[in-house]
Amino acid sequence: MAASRAFSLLALALSLLAVASTAFGHNITQILSDTPDYSSFNSYLSQTKLDDEINSRTTITVLVLNNAAMSSLAGKHPLSVVKNALSLLVLLDYYDPLKLHQLSKGTTLTTTLYQTTGHAPGNLGFVNVTDLKGGKVGFGSAAPGSKLDSSYTKSVKQIPYNISVLEINAPIIAPGILTAPSPSSGGLSNITGLLEKAGCKTFAGLLVSSGVLKTYVSTVEKGLTVFAPSDEAFKAKGVPDLTKLTQAEVVSLLEYHALAEYKPKGSLKTNKDAISTLATNGAGKYDLTTSTSGDEVILHTGVGPSRLADTVVDETPVVIFTVDNVLLPTELFGKSPSSAPAPEPEPVSAPTPSPAKSPSPLEAPTPAAASPPAPPVDEYSPEGAPSDSPTSSEDSNAKNAAFHVKAPPALLFTALVAATSFLL
């Protein structure tokens, strides 16, 4: 009996730990901050926003470089090139030391974050992992003829099946990854050309005619994020007639579609605060909020939602997305009519009684039927939610929006104690 209880307690504890691991996720910056020898690698993860991308994913392995190994990349290449090189060190699968030495057939090709960027032709976004026996594991590019120039040195941290952090002794260099053009020398100088090619000709034309394109270009060096509505978005039902706006209002609307910072998809997925735009000033907030559903990101303006559709370009410090709706700020277009409070329910009138007959001496008088009271309005229903909250009816067109509930540590501890008391 005692053994059965002990086994039950162990199973319960493991289950709660699994829930805690899932609920709280991981933070790669905090994991690496405990080791000063990873300060350079950690700094570049933050600068390139790869930390947000890593934190937004599960079942992932990060191959870290100490400061000496990072010296071959740090300060010697544009930030966009360093980001690509570090993306190749983020494996989209979970590898702990035990798994490294139990590879089927002793070798495998695994997908990396670099493969998801669209910058990796062929299989250049894959990494070759090979058990070299004798406790050694080699890593190299999956490109034909590539050598295993990097080796596993030690384990840093594991949160089982969520994230594994392993140290390797050298970067994994795929052919051409260090010679990719930087934003200053590449095609980002022609933002309108990129937008037109992505099906955003209307938006590109407005940027040029209004002069806002110059504002965009002036922020490129410090960071720029653009949310470009497609041509179809401008034709959608409900889009206001932009010809009726003043020149100043058109400028504010276009500036509302950009951020003066580099915020790739991973950063938007982990964002929890209101985001300032180029239109933000002392006279108006002109901000955005975000929500996620799986891998999708949805932008909220207070008037209507818009989904991130595609990434046109992501080259640190510039990222351009297409969105499926024009972003309409409340400062120009007010709140969505559908987010207004629901009207008070009309009182239900009692039916007009028909003339009553005098009851016979054998009949008891029948009491008049009372009208049932009107049902109470639920103050926590969507109709009563703030218009700029993720639960407002603004999101009626974004049915895939979702949120994650995180259980506090105290709650998990209390549940464990209660369950233990019950079993004992």
Side-chain angles (χ1 to χ4, degrees), residues 25 27 29 46-47 49 51-53 55-56 203 212 215-216 219 222-229 233 240 248-249 251-309 311 314 317-341 380 382-406:
N27 187 313
T29 303
S46 298
Q47 291 179 59
K49 306 295 184 180
D51 56 345
D52 289 332
E53 186 66 44
N55 293 339
S56 72
F203 184 67
V212 174
T215 304
Y216 280 24
T219 68
K222 294 183 178 180
L224 176 68
T225 302
V226 179
F227 305 114
E249 289 172 336
V251 168
S252 294
L253 176 63
L254 296 175
E255 290 180 343
Y256 187 63
H257 284 75
L259 317 178
E261 60 177 319
Y262 174 63
K263 214 164 183 70
K265 189 174 181 179
S267 299
L268 292 171
K269 286 165 66 178
T270 58
N271 175 71
K272 292 180 176 59
D273 302 316
I275 304 172
S276 297
T277 66
L278 287 179
T280 301
N281 54 50
K285 289 167 60 176
Y286 284 96
D287 57 17
L288 296 164
T289 58
T290 61
S291 66
T292 60
S293 177
D295 196 48
E296 286 194 342
V297 175
I298 301 167
L299 306 175
H300 303 272
T301 69
V303 176
S306 185
R307 180 183 63 89
L308 249 62
T311 302
D314 183 357
V318 177
V319 59
I320 300 176
F321 301 104
T322 58
V323 292
D324 58 9
N325 286 313
V326 178
L327 304 180
L328 303 176
T330 57
E331 288 80 1
L332 293 180
F333 303 101
K335 302 227 180 246
S336 170
S338 61
S339 63
Y380 297 106
E383 288 81 5
S387 60
D388 58 351
S389 76
T391 58
S392 74
S393 56
E394 172 222 292
D395 297 338
S396 61
N397 293 330
K399 295 181 181 178
N400 290 330
F403 62 91
H404 301 281
V405 177
K406 294 185 177 180

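We use all heavy atoms of the structure for the numbers below, so side chains are in, but hydrogens, waters and symmetry mates are not. All residue numbers in this chain count up from 1 along the given sequence.
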Between [X] (side chain) and [Y] (backbone), is there a donor-acceptor pair under 3.5 Å?
{"X": "Tyr262", "Y": "Lys222", "answer": "no"}
{"X": "Asp324", "Y": "Ala309", "answer": "no"}
{"X": "Thr311", "Y": "Phe321", "answer": "no"}
{"X": "Thr225", "Y": "Lys263", "answer": "yes"}
{"X": "Thr301", "Y": "Leu328", "answer": "yes"}

Less than 4.5 Å apart, any side-chain heavy atom of [X] and any of [Y]?
{"X": "Val323", "Y": "Leu308", "value": "yes"}
{"X": "Leu253", "Y": "Pro329", "value": "yes"}
{"X": "Glu255", "Y": "Thr277", "value": "no"}
{"X": "Leu268", "Y": "Phe227", "value": "yes"}
{"X": "Tyr286", "Y": "Leu278", "value": "no"}
{"X": "Tyr216", "Y": "Val318", "value": "no"}

Could I get the full list of side-chain hydrogen bond (donor to acceptor under 3.5 Å, both in side chains) partners for [X], not counting sequence neighbours?
{"X": "Asp295", "value": "Lys265, Lys269"}
{"X": "Asn271", "value": "Thr290"}
{"X": "Glu261", "value": "none"}
{"X": "Ser267", "value": "Asp52"}

| said: Taking side-chain contact (heavy atoms from CB on, under 4.5 Å) as the definition, give me every residue that meets it alongside Thr29, ordered by chain and number, with sequence neighbours left out. | reply: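 Applying side-chain contact (heavy atoms from CB on, under 4.5 Å) to Thr29 gives Asn27, Asn42, Ser46, Asp51.
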
| query | Taking atom OG of Ser291 and atom CD of Glu296, what is their separation to the nearest 0.5 Å? | reply |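 Spacing of OG (Ser291) from CD (Glu296) equals 10.0 Å.
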
| field | Rounded distance (nearest 0.5 Å) linking atom CG of Leu224 with atom OG1 of Thr215 | value |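 Leu224 atom CG to Thr215 atom OG1 measures 10.5 Å (nearest 0.5 Å).
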
| request: List for me each residue that meets ring-ring contact (aromatic ring centres under 6.0 Å, His included) alongside Phe203, sequence neighbours excluded, and say none if there are none. | output: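 In terms of ring-ring contact (aromatic ring centres under 6.0 Å, His included), with neighbours along the sequence ignored, Phe203 is linked to His257.
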
Quick check: closest heavy atoms across [X] and [Y], and the distance to 0.1 Å?
{"X": "Asp287", "Y": "Ala274", "result": "OD2-CB, 3.6 Å"}
{"X": "Ser56", "Y": "Thr270", "result": "CB-CG2, 3.8 Å"}
{"X": "Gly334", "Y": "Val303", "result": "O-CG2, 2.8 Å"}

